[in-house]
Amino acid sequence: MKFVVKAWSNGGARAGILHLGTSTIDTPSLLLSTRKGLPHFISPDLLSCLPAPESRLLHVSPLHFLEGLSMKTISKIGGLHQLLGLHDHCFVAVPRDSIQCLPEANSTNKIGASFETPCGRLLIKPVEYMEMISSTRPELWATLADEVPAWVSDKRNKTSVDRTIKWLDECISISPASGAVFGAIVGGSSLEERRRCAQEVATRNVSGYWVGGLGLGESMDERPALLNAVIEALPEEKPRLICGLGLPEEILQGIAAGVDIFESTYIYHLTLGGFALTFPLDRTQINASNLVPSDVGSDPRKINLRATVFRKDTTSIVEGCTCYTCRNHTRAYINHLLNVHEMLAQILLEML
């Protein structure tokens, strides 16, 4: 992995280039959310319809593979690339998955981190986590962390930082030869613990940094100070990854703070609900008159294609868009698919 910063803004935001595997990706960049390495609604043969190389970064949680094939079998096959046949894509492995594998701070202890998974509540030890990483062979992986919600005590925040740093050292000591390591940074809503954790992780031999423990109860007003406390303690030449931010406004907060890679479930939830994003494509300045509530919803950036107003609408979802869905299908057709509960609706919406 190689990362180069191309430009800075006055406030801390930056643009860069990430060389990962055979892909060159401009940052800031968004990870494509997956379930067991594949997007939730798009089959492997349709991945080529998505814009490249932006869609070649796939977020995967190793915990997804605790059901189904054993880690030994996945390792014998040759890792996720051989298992899924996605040789041109890059996998970014993070223990937390904001949809199905959420951290459970109350059950985490000094032995390992606890997660709520489709298999039930599981305690994952560092050595078990590293076995998953070794078997799946992602290009980039984050170390195990003790993520805590915003409302825990100062003592619990300190404990989470101590455990995360200890597990970081354990993961590095038994890490596989391949794959870039991103050190986990936690600390809940405590500025002091966030700063302490970032300073400790910055002294380790890692390729980048994963800012964890966000999206677990803190408000949008609290988050900029938490991000700044972390970013200020990190070296500028290494990339930063963040999980748990959902809304576009939250992603913009992260970009403003200097984060480079984002994991978000926003697109997944929009697709599941039958919504489509309608951001303008001509980069013109959006004025207040463009943001007035419409007759199909209060948010002008997205439309609910289940609404009856689209039943006879023969226009594309976004005029001028060159994606497969907008080039080949109308709002009326997707409205029909949604209302008859046809899975093709979600496939077309996720390809937008």
Side-chain angles (χ1 to χ4, degrees), residues 1-6 8 12-32 37 53-54 56-62 79-81 88-96 113 126-127 129-145 147 161 164-187 194 197-214 227 230-244 254-255 257-263:
M1 187 202 80
K2 183 181 179 182
F3 178 72
V4 179
V5 178
K6 294 190 301 183
W8 293 84
R14 61 188 192 170
I17 299 177
L18 177 67
H19 301 276
L20 194 62
T22 59
S23 298
T24 301
I25 297 149
D26 290 328
T27 62
S29 183
L30 185 69
L31 299 177
L32 194 59
E54 293 83 357
R56 289 185 179 165
L57 276 181
L58 303 179
H59 166 258
V60 61
S61 170
L80 292 183
H81 292 88
D88 297 328
H89 291 72
C90 299
F91 289 102
V92 178
V94 179
R96 169 186 177 181
V127 65
Y129 178 69
M130 291 312 302
E131 181 187 354
M132 299 176 196
I133 295 298
S134 175
S135 300
T136 53
R137 304 177 193 176
E139 279 80 7
L140 188 159
W141 56 274
T143 57
L144 194 64
E147 298 184 83
V161 171
T164 298
I165 294 170
K166 177 177 178 288
W167 294 343
L168 168 62
D169 292 333
E170 290 182 29
C171 289
I172 291 176
S173 67
I174 55 177
S175 65
S178 61
V181 185
F182 272 42
I185 299 172
V186 295
R194 285 271 175 189
C197 190
Q199 290 169 346
E200 285 287 341
V201 176
T203 64
R204 269 55 174 189
N205 183 24
V206 294
S207 302
Y209 307 98
W210 168 46
V211 184
L214 293 177
L227 287 172
V230 170
I231 300 300
E232 289 170 359
L234 300 178
E236 297 176 349
E237 68 274 9
K238 295 183 179 180
R240 304 137 183 180
L241 163 68
I242 198 168
C243 295
I255 292 174
V259 178
D260 305 296
I261 309 169
F262 298 85
E263 176 269 340

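Count residues from 1 along the sequence. Values reported hereafter were calculated over all heavy atoms of this structure, with side chains retained and with hydrogens, waters and symmetry mates removed.
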For this session: Kindly indicate whether the side chain of Val161, heavy atoms from C-beta on, has any atom under 4.5 Å from the side chain of Val186.
Result: yes
For this session: Flag the pair Thr143 / Val201 as yes when at least one side-chain heavy-atom distance between them is below 4.5 Å, and no otherwise.
Result: no
Exercise. If you measure from CD on Glu232 to CD on Gln199, what distance do you get to the nearest 0.5 Å?
Worked result: 10.5 Å
Exercise. CG of Asp260 to NZ of Lys238: how many Å apart, nearest 0.5 Å?
Worked result: 13.5 Å
For this session: Search all heavy atoms of Pro126 against all heavy atoms of Leu144 and return the closest pair with its distance.
Result: N-CD2, 3.8 Å
Problem set entry | Where Trp210 and Cys243 come nearest, the two heavy atoms and their spacing | NE1-SG, 3.3 Å
Exercise. What is the minimum heavy-atom distance between Pro62 and Val60, and which atoms define it?
Worked result: CD-O, 3.7 Å
Problem set entry | Main-chain N/O of Ala180 paired with Glu139 side-chain donor or acceptor, under 3.5 Å | no
Exercise. What residues form a ring pair (Phe, Tyr, Trp, His ring centres under 6.0 Å) with Phe182, not counting sequence neighbours?
Worked result: none
Exercise. Knowing that exactly one of Leu20, Leu18, Leu58, Leu31 qualifies, which makes a side chain to side chain contact (heavy atoms under 4.5 Å, CB included) with Cys90?
Worked result: Leu20
Problem set entry | Smallest separation among heavy atoms of Pro95 and Ser61, with atom names | O-OG, 2.9 Å
Problem set entry | Nearest-0.5 Å distance, NE2 of residue His59 to CZ of residue Arg96 | 9.0 Å
Exercise. Can you tell me how far CD1 of Ile242 sits from CD1 of Ile255, rounded to the nearest 0.5 angstrom?
Worked result: 11.0 Å
Exercise. Which pair of heavy atoms, one from Val206 and one from Ile172, lies closest together, and at what distance?
Worked result: CG1-CD1, 3.9 Å
Exercise. Are any side-chain N or O atoms of Thr203 and backbone N or O atoms of Glu200, one a donor and one an acceptor, separated by less than 3.5 Å?
Worked result: yes
Exercise. Does Asp169 come within less than 4.0 Å of Arg204, counting only side-chain N to carboxylate O?
Worked result: yes
Exercise. Of all residues at least two apart in sequence or in a different chain, which pass the side-chain hydrogen bond (donor to acceptor under 3.5 Å, both in side chains) check with Arg240?
Worked result: none
For this session: Could you pull out the closest heavy-atom pair between Thr27 and Phe3, with the gap in Å?
Result: OG1-CE1, 3.6 Å
Exercise. Quick one: does Cys171's side chain get under 4.5 Å of Trp141's, heavy atoms only?
Worked result: yes
Exercise. Got Ile133 and Pro138 here, is their nearest side-chain heavy-atom distance under 4.5 Å?
Worked result: yes
Problem set entry | Any side-chain heavy-atom pair of Phe91 and Thr136 under 4.5 Å | no
Seminar exercise, completed: Value for CZ (Arg194) from CG (Leu227), rounded to nearest 0.5 Å, stands at 8.0 Å
Seminar exercise, completed: Value for CD1 (Ile17) from CD1 (Ile25), rounded to nearest 0.5 Å, stands at 11.0 Å
Exercise. Judged by atom type as modelled, is there a donor-acceptor pair below 3.5 Å linking the side chain of Arg14 to the main-chain atoms of Glu236?
Worked result: yes
For this session: Mark yes or no for whether Ser134, through its side chain, and Met130, through its backbone, hold a donor-acceptor pair below 3.5 Å.
Result: no
